[in-house]
Amino acid sequence: MAHQFDVVIIGAGPSGSVAASLLHQRGVKVLMLEKLEFPRFIIGESLLPQSMEFLQKAGLLQTVVEHGFQFKNGAAFRRAETTSSIDFRQKFGDGWGTTYQVQRAPFDACLAQKVKDMGVDVRFNHEVLDVDLSGEGAQLRIKDDQGAEQDITCTFVLDASGYGRVLPRLLDLERPSSFPVRNALFTHMKDRLCVKDFDRNKILITVHPNHQDIWYWLIPFSNGTSSVGVVVRPDVLDTYEGDNSQKLWTLLREAKELGTLLDDAEELRPVGQLSGYSCDVSTLCSDKFALLGNAGEFLDPVFSSGVTIALKSADLVVDPLVRQLNGETVDWQADYADPLKVGVSCFKAFVESWYEGSLQKIIFNPPKGENNIRDMIIAILAGYAWNEDNPFVKQPNKYLEMVAAQCP
């Protein structure tokens with residue numbers, strides 16, 4: 001049976017665009033469907049250097065560079081009077097050491113537009129209502145921008161819908177995350193930081209002075225605005241009075257140095273809230289579909305790993321998918337899910353160590369004279385969580401505990 005498309009991609013975010021471009025390069029007939037009109041607001045703006053490799057491979061890096069996003073070379077950390085910083089260029093191993101901090105609305109839009117310019121069929125305001133995998137290939141029920149419904153057939157479906165998690169919902173794949181439920185409050189601000197001692201080339205991560213599991217992000221952009229947010233357990237957040245904005249500002253002022261830094265800042269959009277954003281699924285793939293990035297598993301925003309995992313998944317899925325389209329039998333667990341899980345598991349260990357306190361101890365009080373260990377940790381924080389030459393990739397828990405024990 002001839003299908004209308006080889007591959008349908010659900011979602012036009014970064015993973016969808018990278019997958020679409022890479023498949024198009026290989027002669028695959030792709031349709032990318034996006035529920036919304038672009039540009040649209042989404043949170044999650046700080047890229048990691050590993051992302052640059054995938055953007056470059058997909059032919060999308062030039063459009064990102066020319067857009068003029070904020071240059072990023074590392075991360076700064078603060079807890080009360082204690083400060084620390086890392087420079088991604090000092091990482092262990094090869095690869096990019098710099099990247100960008102991007103407003104996701106123009107970033108996602110410029111990637112999708114570039115893919116469209118390459119000749120990929122990209123349709124905005126198209127929603128996937130249902131999917132049937134019982135026959136040969138897949139049949140999708142979609143609603144177009146005029147509200148009309150139609151069926152589309154394809155050989156394979158890629159879910160790049162991010163928080164929308166279209167296939168996990170329709171195929172009943174969703175499973176609870178092993179992470180505790182946390183809430184995030186966030187907004188964009190006119191930051192007015194130009195007159196203050198502040199390095200716009202780094203994301204600033206601040207830890208609450210009295211609660212190590214409450215942390216804040218400040219991601220500066222190139223136009224004098226910043227993404228600002230806080231992550232806090234819901235039971236703790238419930239003890240704060242007022243609306244989302246009042247709660248965010250109360251929490252910001254409790255971290256005095258951060259509150260002082262932002263005392264002249266002005267909210268540019270209503271403070272949003274995400275609750276219970278960590279998620280998991282029963283399976284990432286089959287011989288008819290694969291989940292990319294957040295559609296499969298989202299960990300936590302603390303190390304900005306979301307877009308990197310998404311782009312890695314898009315890059316990783318292409319070879320087995322093209323081989324299957326060419327008639328080969330593919331072991332999807334071995335060729336896609338297991339390799340992806342190497343980096344996801346590494347990031348997961350780092351996130352757990354952050355909240356438990358060991359990684360914070362390493363960052364704020366590093367062991368003396370252990371530059372090679374520092375560089376290996378920096379490599380993970382730069383996104384290189386699949387480089388198995390790095391001991392922290394293969395056995396992150398063991399090495400994080402070992403290093404934390406050596407900290408003063």
Side-chain angles (χ1 to χ4, degrees), residues 13-15 42-48 50-51 75-79 86 101 104 162-165 168 174-186 203-208 211-219 227-237 248 251 255 272-281 284 291-313 340-364 377 380-386 392-393 396-397 400 404:
S15 65
I42 190 170
I43 204 71
E45 306 98 342
S46 200
L47 304 183
L48 301 181
Q50 167 80 91
S51 301
F77 299 87
R78 177 182 284 276
R79 184 181 59 206
I86 60 172
Q101 294 172 155
R104 287 290 300 279
Y163 294 123
R165 298 169 62 73
E174 294 189 303
R175 297 294 180 268
S177 171
S178 59
F179 282 126
V181 174
R182 295 186 177 93
N183 286 22
L185 296 176
F186 55 88
I203 180 175
L204 173 62
I205 295 175
T206 302
V207 180
H208 191 285
H211 305 282
Q212 70 177 21
D213 65 341
I214 298 177
W215 65 273
Y216 312 77
W217 74 79
L218 172 54
I219 303 170
S227 172
V228 178
V230 61
V231 170
V232 57
R233 294 199 323 269
D235 59 308
V236 175
L237 188 59
L248 175 60
L251 280 156
Q273 181 174 171
L274 278 175
S275 178
Y277 43 73
S278 297
C279 54
D280 205 350
V281 289
L284 284 172
L291 310 179
L292 304 182
N294 291 359
E297 181 172 10
F298 181 68
L299 301 175
D300 189 274
V302 64
F303 297 123
S304 306
S305 61
V307 174
T308 300
I309 292 172
L311 298 188
K312 175 67 177 182
S313 66
L340 183 61
K341 282 287 187 183
V342 169
V344 173
S345 297
C346 177
F347 279 128
K348 189 172 186 176
F350 269 63
V351 170
E352 288 171 341
S353 180
W354 169 266
Y355 283 106
E356 173 268 323
S358 291
L359 187 52
Q360 292 187 31
K361 188 176 180 182
I362 293 169
I363 287 171
F364 288 114
I377 292 172
I380 306 301
L381 299 180
Y384 294 92
W386 290 268
F392 284 85
V393 171
N397 291 310
L400 284 167

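Looking at heavy atoms from C-beta onward, Ile363 lies out of side-chain contact with Ile377 at the 4.5 angstrom threshold. Looking only at side-chain heavy atoms (C-beta outward), Pro301 and Trp215 come within less than 4.5 Å of each other. Arg175 has its side chain out of reach of Pro168: every pair of non-hydrogen atoms, C-beta onward, lies at least 4.5 Å apart. Counting heavy atoms from C-beta on, the side chains of Leu359 and Leu400 come closer than 4.5 Å. Contact annotation: the side chain of Tyr216 never approaches that of Val228 to less than 4.5 Å [non-hydrogen atoms, C-beta and beyond].
Listed for the Trp386 side chain is a donor-acceptor partner under 3.5 Å among the backbone atoms of Leu340. Remark: side-chain polar atoms of Arg182 are not paired, donor with acceptor, to backbone N or O of Val232 under 3.5 angstrom. The main-chain N or O of Ile219 is never found under 3.5 Å from a side-chain atom of Ser227 such that the two would form a donor-acceptor pair. Between the side chain of Ser313 and the backbone N or O of Gly293, at least one donor-acceptor pair lies under 3.5 Å. Distance alone, capped at 3.5 Å, is enough to place a donor-acceptor pair between the Gln101 side chain and the Ile203 backbone.
In terms of heavy atoms, Leu248 sits closest to Leu185 at N-CD1, 3.9 Å. Taking each heavy atom of Val181 and Pro234 in turn, the nearest pair found is O-CD, 3.2 Å. Considering all non-hydrogen atoms of both residues, Ser358 and Glu356 come closest at OG-OE1, 2.7 Å. The heavy-atom pair separating Ser51 from Thr308 by the smallest distance is OG-OG1, 3.1 Å. Shown here for Arg233 and Asp213, the closest heavy-atom pair between the two residues is NH1-OD2, 2.7 Å. Here the shortest heavy-atom pairing between Ala349 and Asn397 reads CB-OD1, 3.5 Å.
Asn183 and Ser275 share a side-chain donor-acceptor pair at under 3.5 Å.
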Q: Go through the steps to decide whether Val393 and Ile380 satisfy the test side-chain contact (heavy atoms from CB on, under 4.5 Å), and finish with yes or no.
A: CA-CA 8 Å; Val393 171; Ile380 306 301; 3.5 Å; yes
Q: Check the pair Val344 / Lys312 against side-chain contact (heavy atoms from CB on, under 4.5 Å), numbers first and verdict last.
A: CA-CA 10 Å; Val344 173; Lys312 175 67 177 182; over 6 Å; no
Q | Worked check of side-chain contact (heavy atoms from CB on, under 4.5 Å) between Trp354 and Gln212 | A | CA-CA 9 Å; Trp354 169 266; Gln212 70 177 21; over 6 Å; no
(Q) Determine whether Gln360 and Tyr355 satisfy the following criterion, side-chain contact (heavy atoms from CB on, under 4.5 Å), listing intermediate values before the conclusion. (A) CA-CA 8 Å; Gln360 292 187 31; Tyr355 283 106; 5.9 Å; no
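To the nearest 0.5 angstrom, Lys348 atom NZ is 12.0 Å from Ser305 atom OG. Rounding to the nearest 0.5 Å gives a distance of 6.0 Å between CZ of Phe77 and CG of Leu381. Interatomic distance, CH2 of Trp217 versus CG of Leu204, reported as 13.0 Å (0.5 Å rounding). Note that the CZ atom of Phe186 and the CG atom of Leu274 stand 4.5 Å from one another [nearest 0.5 Å]. Considering OG of Ser46 and CD1 of Ile205, their distance stands at 8.0 Å, rounded to 0.5 Å. Atom OG of Ser15 and atom CD1 of Ile309 lie 11.5 Å apart (nearest 0.5 Å).
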